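The structure appears right after this line, and notes come after that.
Reckoned from all heavy atoms, side chains included, excluding hydrogens, waters and symmetry mates. Bear in mind that the values here come from a model prediction, so they are computed numbers and not experimental data.
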Amino acid sequence: MARSKSNDKQVFTCEQTHQLNYFSHLYNKNEDVEKFLRRSCATGTIDKKTHIEVFKLIEEELGYPIP
């Protein structure tokens, strides 16, 4: 699955599990990314951020480039 740049301005909503799956797949189901997303959702860090903001947080926190 490839990233759709047209979705970059969409808002990430933690309650929508398909968004967690989408991000996880973009990073080849990387466990670090999935844990980061779940932890960030639990603390409210990424809820209501745009997709590009979440990609940038993953890059800053985990060092994985934006897909």
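- Residue-environment remark: NZ (Lys48) exceeds the threshold of 12 foreign heavy atoms within 6.0 Å.
- Rounding to the nearest 0.5 Å gives a distance of 10.0 Å between NZ of Lys49 and OG of Ser40.
- Residues Lys5 and Ile52 form no side-chain contact, since every pair of their non-hydrogen atoms from C-beta on lies 4.5 Å or further apart.
- Cluster annotation: Val11 and Leu57 are assigned to distinct hydrophobic clusters (Ile/Leu/Val/Met/Phe/Trp/Tyr, side-chain heavy-atom contacts under 4.5 Å, transitive).
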* Could you check Leu37 against Gln19 for side chain to side chain contact (heavy atoms under 4.5 Å, CB included), going step by step and ending with a plain yes or no? => CA-CA 10 Å; Leu37 292 172; Gln19 289 187 347; over 6 Å; no

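- Listed by first and then second residue, the salt bridge (Lys or Arg N to Asp or Glu O under 4.0 Å) pairs involving residues 25-42 are Glu34-Arg38 (not counting sequence neighbours).
- To the nearest 0.5 angstrom, Phe36 atom CZ is 12.0 Å from Asn30 atom CG.
- For the pair Ser24 (side chain) and Leu20 (backbone), a donor-acceptor distance under 3.5 Å is absent.
- When the side-chain hydrogen bond (donor to acceptor under 3.5 Å, both in side chains) test is applied to Glu53, the partners found at least two apart in sequence or on another chain are Thr50.
- Leu62 and Ile46 fall within a single hydrophobic cluster, where Ile, Leu, Val, Met, Phe, Trp and Tyr are joined by side-chain heavy atoms under 4.5 Å apart, directly or via other members.
- For Phe23, the ring-ring contact (aromatic ring centres under 6.0 Å, His included) partners are Phe12, His51, Phe55, not counting sequence neighbours.
- Across every non-hydrogen atom of Pro65 and Tyr27, the tightest pair is O-CE2, 3.5 Å.
- Note that the CD atom of Glu59 and the CD1 atom of Ile66 stand 4.5 Å from one another [nearest 0.5 Å].
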